[in-house]
S.K.: 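Please find one structure pasted underneath; my questions will follow.
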Protein chains: 2
Amino acid sequence: MRKDAEALFYTTDRRDATLAPPTLTISDDTLTDRQKDVLDAALALLVHGGDGLTMTGVARRASCSKETLYKWFGDRDGLLTATVQWQASKVRMVPVDRESLDGRTLAIALEKFGRDWLSVLTGDISVALNRLAVSHAGQEKRNLGRIVLENGPIGMSKRCKPLLEAAREAGLLRFEDSDQAFRTFFGLVVRDTQIRMLLGEQRRPTEEAIATQARRAREQFFTLYGA
Amino acid sequence: MRKDAEALFYTTDRRDATLAPPTLTISDDTLTDRQKDVLDAALALLVHGGDGLTMTGVARRASCSKETLYKWFGDRDGLLTATVQWQASKVRMVPVDRESLDGRTLAIALEKFGRDWLSVLTGDISVALNRLAVSHAGQEKRNLGRIVLENGPIGMSKRCKPLLEAAREAGLLRFEDSDQAFRTFFGLVVRDTQIRMLLGEQRRPTEEAIATQARRAREQFFTLYGA
DNA sequence: AACGCGGCGTACCGTACGGTACGGTTCGGT
DNA sequence: ACCGAACCGTACCGTACGGTACGCCGCGTT
């Protein structure tokens with residue numbers, strides 16, 4: 001099925017299963033500008049309504065030929081995967097520096113974390129991407145779900161846990177399991193917001209509502225885990 | 001497009017939009033046993049993998065003719081809607097009686113709430129249904145998302161809030177906004193469990209893990225809102 | 001100037017699936 | 001015994017879409 005040795009990503013017919021896909025992220029420079037344009041077109045179509053993201057549609061929108069799409073991305077799944085990875089590569093949260101950690105900086109960091117997270121989660125692109133990944137996960141195609149997971153909860157966890165642990169060592173927080181602590185924080189921040197957006201609830205929280213919620217989550221988290 | 005006056009549910013071409021669909025739930029007796037069989041077949045296919053849920057597939061699995069499907073349910077969306085409603089009508093949580101409310105019974109009620117909720121959420125059927133609804137929500141079809149929402153977070157909220165308010169009146173809890181309180185409880189219970197399952201994470205929590213989590217959520221909720 | 005390559009646009013093919021039509025069968029009512 | 005309604009099974013149609021093939025152009029190389 002795959003024969004063109006130049007295809008960027010090999011997505012289909014992995015018969016060894018089980019193992020992680022070869023690449024979870026696209027380094028920003030594996031893509032030419034033209035390819036980025038194409039992926040942005042795909043993103044735009046995806047956001048505009050999950051359907052409509054058809055090979056012909058992408059080709060038309062990006063003013064390129066379907067043949068080029070297939071040459072670059074192999075097949076439809078390849079294009080989708082690349083699109084998700086491309087978006088993921090754009091959203092890089094700044095890591096928090098663990099130096100100069102006191103109650104105040106920790107609070108600020110956590111609250112900012114929550115705000116950023118909620119902003120991303122409720123954004124059109126994130127909603128569209130998560131919808132796509134969720135759909136895909138229901139069809140033995142685990143790729144996209146994996147990627148979104150890695151750039152969603154798991155990524156958030158990886159960036160957050162060191163901070164929590166540093167805070168514990170600094171005597172600011174008290175918990176046994178940093179994973180449990182993180183997940184509690186996640187719950188306090190996100191609550192039912194994401195699932196409601198995914199299920200089509202129209203109302204998107206304002207920036208102010210997000211800020212309020214992040215602050216409340218931070219307060220509650222401190223109540224539960226503060227030393 | 002629709003012409004058969006006998007179709008159970010009118011799903012398509014509602015040009016008035018905005019308003020809620022005529023029925024959000026199927027009363028258990030609007031369906032004949034045969035129809036229930038058909039919907040169960042659809043559910044089975046849906047759980048087995050989001051694709052495969054094709055009209056021909058349902059017909060074959062339920063040993064009925066496609067014509068009958070169309071006569072009963074109008075079109076594909078009608079079948080899906082009916083399927084989701086049918087499942088929703090099966091999962092009826094017992095409401096908690098608000099009499100004899102003290103700290104202990106409240107704790108037990110909340111914890112059981114959390115356990116039941118997590119069990120449902122992580123079940124195959126719930127995951128499949130939520131995936132379907134999420135997919136649909138990405139395609140201007142707001143029906144399914146609406147129904148799942150109503151039987152998910154919103155339904156949970158409707159059943160939970162009276163309990164919380166009763167507990168507040170009994171002096172057991174302290175909060176301003178019962179909605180905020182509920183959503184916090186939701187967050188403490190669900191955390192990132194649901195989104196991870198939806199995105200295809202294989203590991204499904206054991207009954208024991210669920211019980212542990214429900215207990216922790218209850219404890220944390222009391223810490224935050226206990227009087 | 002000649003050539004080749006990468007890419008655009010379009011036409012084309014195969015298939016899967018939603019939806020319809022129709023003949024045959026069962027079954028309840030009269 | 002007869003009739004009609006409901007329903008099964010299957011064949012059929014139209015379309016949408018994934019994937020392929022091909023002609024053409026623009027451009028860099030020699």
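Both backbone and side-chain heavy atoms feed into the values below; hydrogens, waters and symmetry mates do not. Letters A, B, ... are given to chains in the order of the sequence lines, protein chains preceding strands, and every chain is numbered from 1.
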S.K.: Hey, mind stepping through B/Leu198 and A/Asn130 against side chain to side chain contact (heavy atoms under 4.5 Å, CB included) and telling me if it holds?
M.R.: CA-CA 9 Å; B/Leu198 289 182; A/Asn130 274 276; over 6 Å; no

S.K.: Go through the structure and list residues passing ring-ring contact (aromatic ring centres under 6.0 Å, His included) with B/Phe182, not counting sequence neighbours.
M.R.: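 Partners of B/Phe182 under the ring-ring contact (aromatic ring centres under 6.0 Å, His included) test: none.
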
S.K.: Starting at CG of B/Leu53 and ending at P of C/dC17, how long is that distance when rounded to a whole Å?
M.R.: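 So the two atoms are 11 Å apart, to the nearest Å.
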
S.K.: Over how many whole Å does the gap from B/Leu45 atom CG to C/dC17 atom C1' extend?
M.R.: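 Taking atom C1' of C/dC17 as the reference, CG of B/Leu45 is at 14 Å.
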
S.K.: Where the side chain of B/Thr184 meets the backbone of B/Gln180, is there a donor-acceptor pair that is under 3.5 Å apart?
M.R.: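 The answer is yes, because a donor-acceptor pair under 3.5 Å joins these two groups.
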
S.K.: Within the 4.5 Å heavy-atom criterion, are A/Ile147 and A/Gln85 side-chain neighbours or not?
M.R.: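 The answer is yes, as the side chains (C-beta and beyond) meet within the 4.5 Å cut-off.
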
S.K.: Please encode protein proximity along nucleotides 7-16 of chain C as a string of B, S and -, counting only heavy-atom distances under 4.0 Å.
M.R.: SBB-------

S.K.: Quick one: B/Met55 CE to C/dC17 P, roughly how many Å, whole number?
M.R.: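 So the two atoms are 13 Å apart, to the nearest Å.
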
S.K.: Just how far, in rounded Å, is P of D/dA21 from OH of A/Tyr70?
M.R.: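 My rounded result for the distance is 12 Å.
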
S.K.: So does A/Asp40 pair up with A/Lys90, basic N to acidic O under 4.0 Å?
M.R.: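 Yes.
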
S.K.: Is a donor on one side and an acceptor on the other found under 3.5 Å between the side chain of A/Ser135 and the backbone of A/Arg131?
M.R.: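 Yes, A/Ser135 side chain to A/Arg131 backbone: donor-acceptor pair under 3.5 Å.
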
